[in-house]
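On a predicted model such as this, the values are computed, not experimentally measured, just so you know. A note on names: the letters A, B, ... follow the listed sequences, proteins ahead of strands, and every chain is numbered from 1.
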Amino acid sequence: MRVESVRGMRDILPEEAVLWQRLEEGIRALFALYGYKEIRPPLVELAELFARGVGEATDIVHKEMYVFPDKKGQMLALRPEATASVVRAYIEHGLYAKGDLAKLYYIGPMFRYEKPQKGRQRQFHQYGVEALGSLDPALDAEVIDLAWHLMERVGLAREGLYLRLNSIGCREDRPAFREALRSYFSARKAELCGDCQRRLEENPLRILDCKEPQCQGAIAEAPKSLDYLCQKCRAHFEELLSFLQDLGLAYELDPRLVRGIDYYTRTVFELCSRELGAQDALLGGGRYDDLVELLGGPPTPGVGFAGGMERLVLVLSQHLTANPDAPDLDVYVVPIGDEGRRKALEVLARLRRAGVAADLEYVGRSLRKAMSVAARRARHALLLGPDELAQGALTLKDLASGESQTLSLAEFLADPRAFLSPLPSGEKGGGDPFPRKTG
RNA sequence: GGGAGCGUAGCUCAGCCUGGCAGAGCACCGCGCUGUGGACGCGGGGGUCGCGGGUUCAAGUCCCGUCGCUCCUCCCA
């Protein structure tokens, strides 16, 4: 029986991988522009890290996490998200001891056992930033600005995006708000769906983003977290709003936005696309001022976001008019006969060491066919046959102009680039959202 | 977790309703054109019809199950 890929795990084939490479390059460049440095935590952690950090009662941990024992019986987990890992590393390596703000970013695979659908795989990829060590609302604003900036760089128009924003307060405010929700929803318990009746005990905040139609009436009139903020949290949030105004970033206050991870405090936000269907959130994040302490570090505030690569690729590919057939080689070597075939590999090796992208007709097609492949893949065809080799020469054909010339093999190999026509500008994958540096 | 649709050549799909030789276009290979590319013409190779079972003289087609994909719901990135 044929072995196939596991459900929810998919291959990114070369054609699509080009898009991923460009996205990753662009994301790294932009994060660097804001002073973030890459961190690469492992994909496997103790399961306990996520149970404590993300929250035992969250769907992510108790329903969707890949958990397994290693040979010593330790419970391990494939990371379902990266913030907990980044914070663990921050504590473990004493990054706080440097007495500075730590600005870290990551890009990599995450794992959640969910029902796969478009834009949602079981192995998926997230990029994200974490800024640890400051309570300044300007930092919240910077993180949100970075999120917007990234989407614009990727080529998404501002009009197609919207920012949902809320503040859910600090741990001092939370008990009062939670109590208010509990007593409010208890009175209307009969209206709630089964899940929400359970959430009433476990975590009444989660009722707020329930999508069940029957719950909507009760949710609409529910207490709002903004009304339960302490003085400091209110001031923090108001300052954030004014910073966003200064930056010209529009937001929609959404009292129902609470997000599905327990570590959030104060600011929570999502940046969404109007071009996506059910999975419209491109990235989400917020503040987590208690997480470092919760995981055994010194009290340290933090703020960050995470975004899904798959969804970005999805939106981005709708905006691209890529030409996958554009030649990617400088030279395609076409040997003729046995002599040519024997000389070809050596010529290839010399070309590549001179920085010329080159490949060889390995399949043994007819000359006519090989020339046709050459025209598709390269800008030059290099013919090596008995006629050429007899006089220590080669035939170089410019496939755009159709002109060919006979050159001395030794002269050509001494500086092959001098004989090759330069790359035409704007050659590949039109509409590149992340223009490469030239030179 | 719940609901719906779809799995046929490398790719896009027709054929299924109404059971009777497994097809088209693109791609690939050869020839026309013996050492020179995109066009054109002619020819060719390719398929456990997702998988398993059932009904039938006969199943790609009908029935049941199963796996996968897509969409909605849910969850979220």
For this session: Quick one: list whatever passes ring-ring contact (aromatic ring centres under 6.0 Å, His included) with A:Trp148, sequence neighbours left out.
Result: none
Exercise. Over how many whole Å does the gap from A:Tyr113 atom OH to B:rC76 atom C1' extend?
Worked result: 17 Å
For this session: Determine the sole option in A:Tyr184, A:Phe177, A:Phe237 for which the ring-ring contact (aromatic ring centres under 6.0 Å, His included) test with A:Tyr228 is passed.
Result: A:Phe177
Taking N or O atoms only and anything under 3.5 Å, show me the protein contacts with nucleotides 30-32 of chain B, one pair per line.
none

List the atom pairs, with distances to 0.1 Å, where a side-chain N or O of residues 400-418 of chain A and a protein N or O form a donor-acceptor pair under 3.5 Å, not counting sequence neighbours.
residue: A:Ser401; atom: OG; partner: A:Glu403; partner atom: N; Å: 3.2
residue: A:Ser408; atom: OG; partner: A:Ala410; partner atom: N; Å: 3.3
residue: A:Ser408; atom: OG; partner: A:Glu411; partner atom: N; Å: 3.2

Problem set entry | ring-ring contact (aromatic ring centres under 6.0 Å, His included) against A:Phe31, all qualifying residues, sequence neighbours excluded | A:Tyr105
Problem set entry | Nearest-Å distance for atom pair CZ/C1', residues A:Arg256 and B:rC76 | 15 Å
Exercise. Which residues satisfy the side-chain contact (heavy atoms from CB on, under 4.5 Å) test with A:Asp173, sequence neighbours excluded?
Worked result: A:Cys170, A:Leu229, A:Cys230, A:Cys233
For this session: Describe the nucleic acid contact of A:Leu383 in one word from base, sugar-phosphate, nothing, applying a heavy-atom distance below 4.0 Å.
Result: base
Exercise. Is any N or O donor-acceptor pair between the side chain of A:Arg311 and the base of B:rC76 shorter than 3.5 Å?
Worked result: yes
Exercise. Which part of the nucleic acid does A:Arg199 contact within heavy-atom distance under 4.0 Å: base, sugar-phosphate only, or nothing?
Worked result: sugar-phosphate
Problem set entry | Interatomic distance, A:Leu163 CG vs B:rA77 P [rounded to whole Å] | 15 Å
Seminar exercise, completed: Nearest-nucleotide check on RNA chain B, A:Leu384 vs A:Gly307; residue mapping nearer the 5' end is A:Leu384
For this session: Remember a base hit wins even if backbone is also touched, and classify A:Ala306 as base, sugar-phosphate or nothing at under 4.0 Å, heavy atoms.
Result: sugar-phosphate
Problem set entry | Sugar-phosphate, base or nothing in reach of A:Glu388, heavy atoms under 4.0 Å | base
Problem set entry | Donor-acceptor pair present, A:Gln121 side chain and B:rA77 base, under 3.5 Å | no
Problem set entry | With A:Phe68 via ring-ring contact (aromatic ring centres under 6.0 Å, His included) - residues at least two apart | none
Problem set entry | Residues that A:Glu92 engages under side-chain hydrogen bond (donor to acceptor under 3.5 Å, both in side chains), provided they are two or more places apart | A:Arg88
Seminar exercise, completed: Rounded to whole Å, the CZ-P distance (A:Arg7 to B:rU70) equals 9 Å
Problem set entry | Short side-chain donor-acceptor distance under 3.5 Å, A:Tyr264 and A:Asn166 | no
Exercise. Which part of the nucleic acid, if any, lies within contact of A:Gly402, taking any heavy atom under 4.0 Å across all strands shown: a base, the sugar-phosphate backbone alone, or nothing?
Worked result: base
Exercise. Distance between the C1' atoms of B:rG52 and B:rC67, in whole angstroms?
Worked result: 10 Å
For this session: Check the distance between B:rA77's P and A:Tyr105's OH and give it to me in whole angstrom.
Result: 21 Å
Exercise. With sequence neighbours left out, which residue pairs that include part of residues 363-385 of chain A fulfil the ring pair (Phe, Tyr, Trp, His ring centres under 6.0 Å) condition?
Worked result: none
Exercise. Taking 4.0 angstrom as the limit, do A:Lys224 and A:Asp254 come out as a salt bridge?
Worked result: no
Problem set entry | Nearest-Å distance for atom pair CE/C1', residues A:Met65 and B:rA77 | 17 Å
Exercise. Counting any heavy atom closer than 4.0 Å, what does A:Leu283 reach on the DNA or RNA strands: base, sugar-phosphate only, or nothing?
Worked result: sugar-phosphate
Exercise. Hey, does A:Arg206 reach any base, or is it just sugar-phosphate, or nothing, if we go heavy atoms under 4.0 Å?
Worked result: sugar-phosphate
Exercise. Separation of A:Glu270 atom CD from B:rC75 atom P, in whole Å?
Worked result: 12 Å
Exercise. Whole Å only: how far is the CG atom of A:Leu314 from the P atom of B:rA77?
Worked result: 17 Å
Exercise. When you check the gap from the basic side-chain N to the acidic O, do A:Lys343 and A:Glu388 get nearer than 4.0 Å?
Worked result: no
Exercise. Looking only at N and O atoms, is any donor in the side chain of A:Arg120 or the base of B:rC75 less than 3.5 Å from an acceptor on the other one?
Worked result: yes
Nucleotides 5-9 of chain B: which of its N/O atoms have a protein N/O under 3.5 Å away?
none

For this session: Assign A:Asp195 to base, sugar-phosphate, or nothing according to its heavy-atom contacts below 4.0 angstrom with the strands shown.
Result: nothing
For this session: Answer with base, sugar-phosphate or nothing: what part of the nucleic acid does A:Glu81 contact at a heavy-atom distance below 4.0 Å?
Result: nothing
